[in-house]
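Here the structure comes first, spelled out in structure tokens, and everything after it is commentary.
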Amino acid sequence: MEEKYIPRNVEEKWQKIWEENKTYKVTEDPSKPKYYLLEMFPYPSGRIHMGHVRNYSIGDVVGRFKRLRGFNVLHPMGWDAFGMPAENAAIQHKSHPAKWTYENIAYMRSQLKKMGLSYDWDRELATCDLDYYKWEQKVFLEMYEKGIAYKKTSYVNWCPKCETVLANEQVEDGACWRCDSEVTQKELEQWFFRITDYAEELLEYTEKLPGWPERVLTMQRNWIGKSYGCEIDFPVEGSLAKIKVFTTRQDTLYGATFMSLAPEHPMALELTTPDRRAEVEAFIDKVKKTDKIKRTAEDFEKEGVFTGSYCINPVTNRRMPVFLANFVLLDYGTGAVMAVPTHDQRDFEFAKKYDLPLQVVIQPEGETLDSAAMAAAYTEVGAMVNSGPFDGLRSDEAKEKIADYLAKEGIGTKTVNFRLRDWGISRQRYWGNPIPVIYCDICGVVPVPEKDLPVVLPMDVEFTGEGGSPLKKLDSFVNVPCPQCGQMARRETDTMDTFVQSSWYFLRYCCPDFAAGPIDKARAEYWMSVDQYIGGIEHAVLHLLYARFFTKALRDLGYVKVDEPFTNLLTQGMVIKDGAKMSKSKGNVVDPDALINRYGADTARLFSLFAAPPEKDLDWSDQGVDGSFRFLNRVWRLVCDLLPFIGKGGAVDPASLSDDARGLRRAVHKTIRKVTDDIDERFHFNTAIAAIMELVNAIYAFEPKNVPEYGPLLTEAIESVVIMLSPFVPHVAEELWEALGRKGGVEAAGWPSFDPSAAVDEEFLIVVQVNGKLRGKVTVATDATEEQVKAAAFADEKVKPWIEGKQLRKAIYVPGKLLNIVVG
RNA sequence: GCGAGAGUGGCGGAAUUGGCAGACGCACUGGACUUAGGAUCCAGCGGGCAACCGUAGGGGUUCGACUCCCCUCUCUCGCACCA
């Protein structure tokens, strides 16, 4: 063993051994408990960043720990490899996205290997591999057949910079999630996945995922946005037409005095009378030009226009003028709102602006509202008034009764409404999975027959950066005979959203070589669900919702048996430096390559695990990294110092140990217990590492270490330290393990077992309080009675002055811990 | 505005069930070894001379509160005209 710890030598040596021996390759083994551990796979942007280092270090601790505990651990890695940056880079460098992507993958793979992560590299996949995306096309066609995938024309989010459509989930604050450009609305025909069919189940299962962080579940629940209410028909005056509204406040129906439609509502122009036409058209135009973010901001001024038509309130028969209003959204509910200005703030402001009538139908307790004097809408519960047969009821109780009444009268129906929209997956980009359909003038939409799959993404395209997808201009791709009638037809040139690929990659990892279909059911059944998923919080409603939906859809297609993909989810915090997220503009970026070159991967891993618990943000400190490096050196030296005693003298004989020796052994076993709990139960790696540091300090401080008979004790102690360190710093641990004369690697030894008898305290330190304040400490035998403890406490020199001459009121004794003497 | 989470030394953070606040590490101070020290080892390290005071601030429950309850402040994240 070298006297000096040189990380590079140690790490290169062990990485080579792991690679040659395929140490972390796994196969399905029904005799062992399985553990599927997964970290979110990276986008191959060029190089890994500290967020990856942290994410994958956390995962690797769990993987290595579970292996030491005898689990058959599936721990795969791959690449989320389709996507726009590759295309942009290609345009910029006059290269090809495939070249750029695969070069990035090669470099990033080498970086991950330098970190010593325990992946089964034989399962590696990239979503841009034909062997991956071809199966996705098959799944798409099966979804099309089942009606889960469908095409429709609608207003969609359009990013002008990326020249493509975005799903609702991919628009953040009105801007593109990727390039931050302002998103506009465009009417286009697009492919969608019917995620709304699964809205109820996706919501219901948020209650059945106890291993997920509550805030992720809350975010998903908000996004799904279930609300209970009624759909109510309002007949149009002088016509057979009806306007359907959705409301959650059917209790205010008697107070509805006008009607508000979304400007894009299909009936908007039909209802407009000739004299109002010019004004209405101008208004619709204006609203369409306003971007959606501004329009949906709460403080945006409410504006509208009267259509000239009236509808009839079906319960009061009141004539209600029909307006178009800028705050009414076409894609929520029915795109039409019954306006109750007295009990809805938006309607109130609108009514004031356009001088529309107010009718109070709910009175707060102990107050009488006067519609003429109201300064704001009253939106709380109260007593129903001016509501025919429902007068006098509490408004919240009346909801159900009115809903029943409307149903009986055929005016309305009880409904449930979701905020969730279907997932638009068409992207007008090249570097993605081609949507496998053909458009024929005679036959319409024709799916590519299975025998013609896959639709290969052609490589011979030109990147000009202009005019959208280059696929459109590639005649050899676009022009194909119709599979049904043989006439010349056009191929779909849109590709699938990259979130489609990440919605099932965890299933393909179970069987990456499966040649007969997307998923080998038997192997997927062995491995699924993912026992522990680890990644950033930023995917709380994007990837994590899509993947849940996709898993359920695949279940319904017969591919998998599980309802949910991820049993436990850990969302790690960001890596921060100097108070800000690492970014080039801030100049606070730490480069993983430089870090590993200087300190080695083990130190990089150790610090990123030690500095904070995983779910919290991690404050990067260069000096802290020094500290972690020093600790590894300290362990290295300790092993060097102790080598003469290692393996000498057989097993530990507890009976022959001195008090000090028993103390050290107690520390060893208490540490084993703590580190095991911290890793297994809580994922608190920072406190686990702290406990090991304490134990190392204790071994250093163990004075009689020069006496040979302490060989067995010191062997047990140092071996425990090395094994417990191995999930965190695998290279140096293996090297030390070998230096200790142990063959076959740390893993063969298994996780150290905790011996309760060795960890038992021989005496207790009792904290003595007087009136709740700490006044002294006494040491007693573990079997001391309360009376004996009291006697010891009263006799203690430090305690005496506080109780002398005072009346003893009572004494509270917490066995083994504390005595509180109350005097007065 | 609504919802969730957080606020502890100079810094990152511990305190798992209401029981020694500040583990572990960083920074700092002193000492040892040394030609040298940015290596290593040893000691100290919340404030205050002390009584005491200290976990964002105020109140409460309790023998005892970082921990439980009420109010206030600050920060972070999510949602936000959703009918």
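Please read all numbers here as calculations on a predicted model, not as lab measurements.
Look at A:Arg682 and you won't find any side-chain N or O under 4.0 angstrom from OP1 or OP2 of B:rA14. Considering only side-chain N and O atoms, A:Asn686 lies nowhere under 4.0 angstrom from the phosphate OP1 or OP2 of B:rC24. When the side-chain nitrogen and oxygen atoms of A:Arg419 are compared with OP1 and OP2 of B:rA80, one or more of them lie within a distance under 4.0 Å. Using a 4.0 Å cut-off, no side-chain N or O of A:Arg630 falls inside it from OP1 or OP2 of B:rC24. Between A:Arg634 and B:rC41 there is a side-chain N or O to OP1 or OP2 distance below 4.0 Å. OP1 or OP2 of B:rG25 lies within a sub-4.0 Å distance of a side-chain N or O belonging to A:Asn697. For A:Arg637, a side-chain nitrogen or oxygen approaches OP1 or OP2 of B:rC41 to under 4.0 Å. Proximity of A:Arg346 to the phosphate of B:rC82: a side-chain N or O atom is located under 4.0 Å from OP1 or OP2.
Counting distance only, with no hydrogens placed and no angle test, the side-chain atoms of A:Lys777 and the base atoms of B:rC20 include a donor-acceptor pair under 3.5 Å. The base of B:rC63 sits with one of its N or O atoms less than 3.5 Å from a complementary donor or acceptor on the side chain of A:Asn820. For A:Lys817 and B:rC20, a side-chain-to-base donor-acceptor distance below 3.5 Å is absent, hydrogens and geometry of angles not being considered. Judged by distance alone, with hydrogens and angles left aside, A:Lys674 brings a side-chain donor or acceptor within reach of the base of B:rU16, the pair sitting under 3.5 Å.
Among all heavy-atom pairs drawn from A:Asn588 and A:Ser583, the shortest one is OD1-N, 2.9 Å. Here the closest non-hydrogen pair linking A:Pro213 and A:Thr571 is CG-OG1, 3.8 Å.
A syn orientation is assigned to B:rG9, its glycosidic angle lying within 90° of 0.
Atom P of nucleotide B:rC77 and atom CD of A:Glu214 are separated by 20 Å, given to the nearest angstrom.
Side-chain atoms of A:Lys302 lie closest to B:rC81 of the nucleotides B:rG13, B:rC81, B:rA83. Comparing atom distances between the A:Asp619 side chain and each of B:rC52, B:rG12, B:rC81 picks out B:rG12 as nearest.
For the pair A:Arg605 and A:Phe728, the NZ or CZ position fails the cation-pi test of under 6.0 Å to the six-membered ring centre and within 45 degrees of the ring normal.
Between the P atoms of B:rA4 and B:rU72, the separation comes to 15 Å (whole Å).
At most 12 heavy atoms of other shown residues, nucleotides or ligands fall within 6.0 angstrom of atom CD in A:Glu2.
Using a 3.5 Å distance cut-off with no hydrogens or angles, the side chains of A:Thr252 and A:Tyr378 do not pair a donor with an acceptor.
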